[in-house]
Amino acid sequence: MNSLVRRTHQLHQLWRTYCSAPASAASRTAGRPSYEEFIGQHQQQAQRSIVVQVSSEKSYAELYNYCSRFGSILGAHHYCVRQDEALHYVLLEYATAGEAAAAIDAGVTNGDLSGVPVRSPFLWFRAAAAAGARRGPKLASQPAPTALLSIDGNRPAEQEHLLIVLRGARDIEEQVQLLHQHSRLNELGVRLRFLAALQVQQAISGMFPAAQALPFGSSVNGFGKMGCDLDLILRFDNDTGGGGGGHQEPSRLVYHTKENLSNGRSQTQRHMECFGDMLHLFLPGVCHVRRILQARVPIIKYHHEHLDLEIDLSMSNLTGYYMSELLYMFGELDVRVRPLTFSIRRWAQACGLTNPSPGRWISNFSLTCLVMFFLQQLRQPILPTISALAKAAEPSDMRITEDGINCSFGRDLERLGFRSRNQSSLSELLLQFFEFYSQFDFHNRAISLNEGRALAKPDHSAMYIVNPLEQLLNVSKNVSLEECERLRIEVRNAAWVLESEVESASLSPEAGEGHGSHNERLEMSWGLLNLFKQPEKAVIRPNMFFKPRMVEVSDLFEQKEASSSSSATVPTASLSPSSAEPPITYKSASVRQQVQSIKAATRSELKQLRGSANGSSAAPGNSPKNRRSSR
Ligand code: CTP
Ligand code: MG
């Protein structure tokens, strides 16, 4: 065991030397908006915005000059939605909500098309001639003073582009950062999501003036990537904790309301059915409406064609919204949290552990919980426990959902005063994450983010993650035994791959550069990219773990003719450079170097194995690579 610890320590030292930049100051919260401020700011921004479909971005100057009559335009974003052809849109942000409302109110319905006229922030800009304007538009001749930002709000970065970016990084540390920067949901993506929420809210505001459609989940918790779904919760009261006062004398005038005739759940289902119909029949852009009303949390799913967005609308249970706040706070507490989680989510997607549709596999949310728990349980924790946050709650932090679930926790990160002393780099943390879950006893232990430690598992679920806000529930109840086993296999694989990267970097003559020269690295797959290989291309295939063996040396080297001079201990593999086989010419010097490094490492392991077979104290079963083969 000691040799394992020593070896892991050595690897971490190598990692620090060759693959990582020094960790920067961890905590950075000052001046950043709280979750409620973030939500509030984006809701107001949406109120000030309209989306106008145009024939192409060339229409911008004309659109700008036309729309300026309603108010002053602060910003403009152009984006495309690709259907059979590219559809072009411009999002305009006015200085005030009143100006945006004036622009919307000036809209007319298209007499040529049938359909119920509906007021919404989604408009299109018809040609002046079609509008019956007698004189040609002089408007376009004046250039718009506000630059049009052309940016994609939804499409994930092209695989090829990401590959080039990650290959061009200095080291794995930088790869983790770049992956985060290039795949996280951008500002336009967030704006579009808040506009989708506003559309629903405005559509029902006549009858429900206090109703709010609140975005939650990865769209707002800081863990969302480009193209992520929008989770929306529709609330009919103002009970989102954002103030509300209560200082005035209660009114003596009470609204007449309809009595609920059935129990809460079937009532909610009935209401949702009705809202589903309303969205389907009346709201512009809404299509493919599906009602999933039997789920634990009933939802209506739909697609928004002007935003190119998948939306899940729910009406019950605010705990998901508050859970998103917890994740948002965790992301704000330490700059390493989000980049690390992005790499892990990407890795899980690449090896098929996660899947956009729900099923017996681990969800992104559960996986994120695994990352948060890992960061809490470190000897020098990077994140506080949720119990610590709950203890820090002030009266202004009190939030109780209408189902009576207590979602009170300290929300002021400055006041919380949590400072991590952990200086580990992102690449070290990534490796430690994989090692931690390689060893985790999923069979007997449950993960508690409230306590920041593993607890005895209360039932026979394959994976148990205590729901932080509804502690009697298991977040990962859906995960099957087989999928849990697959996760264990894949984290071992990943740890093996990362460790191999460290070893190869340490044996490289240009060790200071990690993985060969800059030009060579641009040509090859290295670092994180080796983690993101498809399962069939992975170094170790999952089914190998079902055999009682580690990687066969013969898997790494070509078979030698039986007649050639083979080693007595490894009869099937050719390790000797003096082999009778014709020499292999490598296109890349760095590949040659890596192969040589692997051979050198394997020779030294074999030497150790021989030593142990001769009674040496070194136990082969304790080397990290052997460890990965044990089940
Ligand atoms: N949630 C929860 N408990 C669950 C599942 C979800 O509290 N058992 C909450 C979490 O706040 C989560 C949000 O609901 O962030 C949305 O769930 P989901 O869409 O499954 O996860 P996301 O975090 O949005 O991730 P993705 O990008 O995969 O949509
Ligand atoms: Mg989601």
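We count residues from 1, following the sequence as given. This one's a predicted model, so the numbers in the text were calculated from it and none came from an experiment. Read the numbers this way: they start at 1 and go in the same order the structure lists the ligands and their atoms.
Salt-bridge check for Arg399 with Glu36: passed, with a basic side-chain N closer than 4.0 Å to an acidic carboxylate O. Salt-bridge annotation for Glu93 and Arg48: present, with a side-chain N of the basic residue lying under 4.0 Å from a carboxylate O of the acidic one. A salt bridge links Asp277 with Arg291: the distance from a Lys NZ or Arg NE/NH1/NH2 to an Asp or Glu carboxylate oxygen falls below 4.0 Å. A salt bridge links Arg415 with Asp397: the closest approach of a Lys/Arg side-chain nitrogen to an acidic carboxylate oxygen falls below 4.0 angstrom. Under a 4.0 Å N-O distance rule, the pair Glu482/Arg486 does not qualify as a salt bridge. Comment: Glu402 engages Arg235 in a salt bridge, judged by a side-chain N to carboxylate O separation of less than 4.0 angstrom.
When only non-hydrogen protein atoms are considered, atom 19 (O) of ligand 1 lies nearest to Asp231 OD2, 3.1 Å. Here the protein heavy atom with the shortest distance to atom 3 (N) of ligand 1 is Phe365 CE2, 3.4 Å. In terms of protein heavy-atom proximity, atom 24 (O) of ligand 1 is nearest to Ser218 N, 2.9 Å. Scanning the protein for heavy atoms near atom 14 (O) of ligand 1, the closest one is Phe216 CE1, 3.4 Å.
Between Asn364 and ligand 1, at least one pair of N/O atoms sits closer than 3.5 Å. Remark: ligand 1 and Arg296 share no N or O pair separated by less than 3.5 Å (distance only, no angle test). Close N/O approach between Gly320 and ligand 1 is found [any backbone or side-chain N/O within under 3.5 Å]. Residue-to-ligand polar distances place Arg345 within reach of ligand 1: an N/O pair is separated by less than 3.5 Å.
Looking only at protein N/O/S atoms, the ones less than 2.8 Å from the Mg ion (ligand 2) make 1 in total.
Contacts with ligand 1 closer than 4.0 Å are made by side-chain heavy atoms of Asn221 only, the backbone lying farther away.
Looking at Thr401, its side chain never comes within 3.5 Å of a backbone N or O of Thr319 through a donor-acceptor pair.
Residues Asn530 and Ser525 bring a donor and an acceptor atom of their side chains to less than 3.5 Å of each other. Checking Glu451 against Gln376 by side-chain atom types alone, no donor-acceptor pair falls below 3.5 Å. The closest side-chain donor-acceptor pair between Arg345 and Thr368 falls under 3.5 angstrom.
A cation-pi arrangement is not found for Arg411 relative to Tyr328, the charged atom failing to lie both closer than 6.0 Å to the ring centre and inside a 45° cone about the ring normal.
Distances from ligand 1 to the non-hydrogen atoms of Ser324 include at least one value under 4.0 Å.
The atoms of ligand 1 that sit less than 4.0 Å from any heavy atom of Gly217 are 13 (C), 15 (O), 16 (C), 24 (O).
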